[in-house]
Every structure is written in structure tokens, then in C-alpha cells.
Amino acid sequence: MEREQALERLNALVGKDLRPLAAQYTLTVFTPSGSRNKGWAGHVIERYLGLPLNSSRAPNFGSWELKVVPFKLTHAGALVPKETMAITMLDPVEVIQKPFEESHLYMKLKKQIVVARTWVDQSESVSLVHKVATFDLGDGELYRAIKQDYELIREQIKTSGFLSLSGKLGRYVQPRTKGPGGNAPRTRAFYARTQLVSLIFAEPVIEVPGSGIE
DNA sequence: CTATGATCATCC
DNA sequence: GGATGATCATAG
């Protein structure tokens, strides 16, 4: 499916509650024993768009990537990102070999649709589709900043080793442990910091020459 | 077992 | 309360 078509379909979902849809698609939110399927909202959106669940590392729609992130209400009444956003696994061999432009990280950030859903509490009794954003990394300042994060991570792998990577690194994109933890986590993934998630949902600045807002 | 979908839990 | 590490369900 092309991104434009998916965007239309998703915009029709704004304001709707995802929870009944999970039931309709017979997706697990909580197992009978009470543990949770953390990816339930993402699965609902994928099913809604007609995508079968799979675990391929390529962008899920071929040329563009779909994500859903929870937003929470602040005391001031604004909806803001609740969490960082997992992007893709970090393969040290690939990162050392490939420049940013050829990386999985870049492919996943190049063109995407990100759906914000409301998060109330862990019972997930309701979750409304809040906002749908298209995002293209482009070739501007943000592109250069994220490429810098990638290069930083790359250098640290070279100088100190893959296992030295921690979530402290990176301004917009961080390398965090993911997968089996314990004494010595062996795997890392790229995560978008909440600041980057905010930028993805920020209204584009429209410059009006002569308006004084330039 | 490791990837996907992600959020939870703990530490500061 | 934010940042970092750990973890859950499911598919291949």
C-alpha cells in the first residue's frame, strides 16, 4: 500500500478507540494469566491496514515505515510522547560496514507514518487515535544531527566495542539494550528519544516572507 | 533464538 | 519524572 492511501485510511481513524478493534481482530491485549502484549496497538493498526504480522527487518510497507507511539496527558493538559520509540535492531557488523545512507536506521527513518494514541493507564481501557503524522528525514539539519548520532555510535563500537554502547549516547537516536537483559545484555537497538518523537509530530513551520515570523 | 510489534520497571 | 535497562506477546 502506498503511504498516501494509508494516510487517508488512518486519518479516518482519528478520534476512534483502538481497544474494541483489538477485540474485533482477536488480538491479545492481556493474556488469560494477566500478562500484557505490549505491541497490541501496533498490531491493531497493522491489521487495520491489512498487513499480516511478521518479523522482517525491512520497512514493513516496503518503501515506508509504520509506527505507533503512546501519548500521555500532562498536568497542564497537553498530550506529549510518553515513551521513546524503538526503531530497529543495531547490528554492529552492519553499522561498521555501512555509512548512514545505507543503514537500516536510515531506511526506517527516511519515510514513515507515525500514529499517536492516547495512553491512560496500564489497564488500557481506552486508547484513542490522537494524531497521524507523516515524517521524512529529508536532508536538512535533523538529517545531519541523526547522522552524527550514527557516526558517534559507529566510532564507539570501533574504539570501545559493541557492548560498551549504552542509552546515554546520541542526541536524537540512542543505542539501548533490547532483548534478554540480565548480567550482560548482548543486544542493542536504535531508539528515537522523545524529543525526536515530538519533532515528528511538530507542525511544520511555515515561513511567510515579510510577516515577521521568519 | 532473534526479529517484529512495543511498553514496563527501576534508578537517578 | 525523565532516562536507561529489562521485558512481554507473537512470528519465522
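The chains referred to below are lettered A, B, ... by the order of the sequence lines, with proteins before strands, and numbering in each begins at 1.
Residues of residues 142-164 of chain A having a heavy atom closer than 4.0 Å to DNA chain C: none are found. The stretch residues 169-178 of chain A comes close to DNA chain C through A:Gln174, A:Arg176, A:Thr177, A:Lys178, each having a heavy atom under 4.0 Å from the strand. Of the residues in residues 90-107 of chain A, not one places a heavy atom less than 4.0 Å from an atom of DNA chain C.
Here salt bridge (charged side-chain N to carboxylate O under 4.0 Å, His left out) pairs that include residues 21-46 of chain A, with residues two or more places apart or in two chains, number zero.
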Tabulate atom names and distances for all N/O pairs under 3.5 angstrom spanning the protein and nucleotides 9-12 of chain B.
| unit_1 | atom_1 | unit_2 | atom_2 | d |
| --- | --- | --- | --- | --- |
| B:dA9 | OP2 | A:Gln122 | NE2 | 3.3 |

Got a list of protein N/O to nucleotides 10-12 of chain C N/O distances below 3.5 Å?
| unit_1 | atom_1 | unit_2 | atom_2 | d |
| --- | --- | --- | --- | --- |
| C:dT10 | OP1 | A:Thr28 | OG1 | 2.8 |

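Among the protein residues, A:Ser56 comes within range of the sugar-phosphate backbone only, with heavy atoms under 4.0 Å from sugar or phosphate atoms but none that close to a base.
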Donor-acceptor list for residues 72-83 of chain A side chains, cut-off 3.5 Å, not counting sequence neighbours:
| unit_1 | atom_1 | unit_2 | atom_2 | d |
| --- | --- | --- | --- | --- |
| A:Thr74 | OG1 | A:Ala76 | N | 3.3 |
| A:Thr74 | OG1 | A:Gly77 | N | 3.3 |
| A:Thr74 | OG1 | A:Ala78 | N | 3.0 |
| A:Thr74 | OG1 | A:Ala78 | O | 3.3 |

Pairs of donor and acceptor atoms involving the side chains of residues 165-172 of chain A, under 3.5 Å and at least two apart or interchain, shall be tabulated with distances.
| unit_1 | atom_1 | unit_2 | atom_2 | d |
| --- | --- | --- | --- | --- |
| A:Ser166 | OG | A:Lys168 | N | 3.1 |

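For A:Asp121, the side chain to side chain donor-acceptor pair (under 3.5 Å) test picks out A:Ser123, with sequence neighbours left out. Among residues two or more places apart in sequence or in another chain, the side chain to side chain contact (heavy atoms under 4.5 Å, CB included) test is passed with A:Asn54 by A:Ser56. By the side chain to side chain donor-acceptor pair (under 3.5 Å) test, A:Lys111 is found to be paired with no residue, residues two or more places apart in sequence or in another chain being considered.
Scanning atom types as modelled, no donor and acceptor separated by under 3.5 angstrom connect the side chain of A:Lys82 and the base of B:dT7.
Defining each end axis of the helix from B:dC1-C:dG12 to B:dC12-C:dG1 as the rotation carrying four pairs' C1' atoms onto the next four, with five pairs an end, the two axes are found to diverge by 30° to 10 degrees.
Listed pair A:Arg117 / B:dT7 meets the phosphate criterion, a side-chain N or O lying under 4.0 Å from OP1 or OP2.
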